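Predicted model only: the values in this text are computed from it and were never measured. Quick note: numbers below take in every heavy atom, side chains included, and nothing from hydrogens, waters or symmetry partners. Counting starts at 1 for both ligands and their atoms, in listed order.
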Amino acid sequence: MSRQSSLLYLDGVSVSFDGFKALNALSMVIAPGEMRAIIGPNGAGKTTMMDVITGKTRPDTGEVYFDGAIDLTAEDEAAIAELGVGRKFQKPTVFESHTVWDNLELALKAPRGPFNTLFHLITGAEKTRIEALLDLIRLGGKRGELAANLSHGQKQWLEIGMLLAQDPKLLLVDEPAAGMTDAETEETAELLKDIAETHSVVVVEHDMSFVRALGVKVTVLHEGSVLAEGSLDHVSADPRVIEVYLGR
Ligand code: ADP
Ligand code: MG
């Protein structure tokens, strides 16, 4: 796929920390509307890749383009969030002393990026939007609950809902199933499939049954580069993948 027709385009991206190459000529292309799963052993560079996309880390070399034409290496973190790149970190960062509803309302009202607006009056359209988000993130019955009282998995879903309230074009999700129960992990795969119907998503995850449930193209990272790409069955059968990752 050409850069111009891609949503996210990485070509030859390298990042070094004290001489160690966390990313080593990494190239990867995500199509508009696609959901992609990224797997790979610890230290493969998955989080660093997300840091580069979101402007937290500058690549030493290589190209990073969003929406075909926007050079992300020339933008800072706030600008990249504003462009419509939403990032879900591993640790949920919801407002514990606010209700589920108020967390979503805050996110809906806030400009993209850090939440810093005060509450103001809410319109009917905004209420409808929050209702739809509550349904999507499986928390309709918890709307009046303080976020502090949610399970770990429910907090993750709430944070995903808060990111979606900002209507990102691309959602980056780093290890959403970490620390979740098996039931929550299964529900999270279903949630991401629902989200992928209307959003582009890049999800990093270790849990293989989760990746299988997503049923999307998989990119295997190893030592900062792409080792294999294709269906989970395809990459799982690749001897190099078995050697570095699945066979351990
Ligand atoms: P993954 O998310 O695939 O487990 P990371 O992207 O977190 O891998 O890390 C890739 C490599 O880069 C690791 O060896 C890690 O120790 C190193 N690394 C990541 N961030 C930094 C940093 N800020 N300073 C030094 N080394 C780092
Ligand atoms: Mg990581």
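Looking from atom 5 (P) of ligand 1 to the surrounding protein, the closest heavy atom is Thr48 OG1, 3.7 Å. With hydrogens left out, the protein atom closest to atom 14 (O) of ligand 1 is Phe20 CE2, 3.3 Å, a heavy atom. The protein heavy atom nearest to atom 21 (C) of ligand 1 is Phe17 CE1, 3.4 Å. Among protein heavy atoms, atom 8 (O) of ligand 1 sits closest to Gly45 N, 3.3 Å. In terms of protein heavy atoms, atom 7 (O) of ligand 1 is closest to Thr47 CB, 3.7 Å.
In this structure, a donor-acceptor pair under 3.5 Å is present between the side chains of Glu229 and Thr219. Using modelled atom types, one finds no donor on one side chain facing an acceptor on the other under 3.5 Å when comparing Thr73 with Arg58. Side chains of Ser27 and Asp11: a donor-acceptor N/O pair is present below 3.5 angstrom, by distance only. With 3.5 Å as the limit, one finds no donor-acceptor pair spanning the side chains of Thr185 and Thr188. Using a 3.5 Å distance cut-off with no hydrogens or angles, the side chains of Asp207 and Ser209 do pair a donor with an acceptor.
A donor-acceptor distance shorter than 3.5 angstrom exists from the side chain of His152 to the backbone of Ala178, with no hydrogens or angles considered.
With ligand atoms numbered from 1 in the order given, ligand 1 contributes 4 (O) to contacts under 4.0 Å with heavy atoms of Asn42. Of all atoms in ligand 1, listed by their number and element, those nearer than 4.0 Å to a heavy atom of Ala22 are 11 (C), 12 (O).
For the Mg ion (ligand 2), the N/O/S atoms of Thr47 include one lying under 2.8 Å.
Other residues, nucleotides and ligands place no more than 12 heavy atoms under 6.0 Å from the CG atom of Asp182.
For ligand 1, the polar-atom distance check against Gly43 finds a nitrogen or oxygen pair separated by under 3.5 Å.
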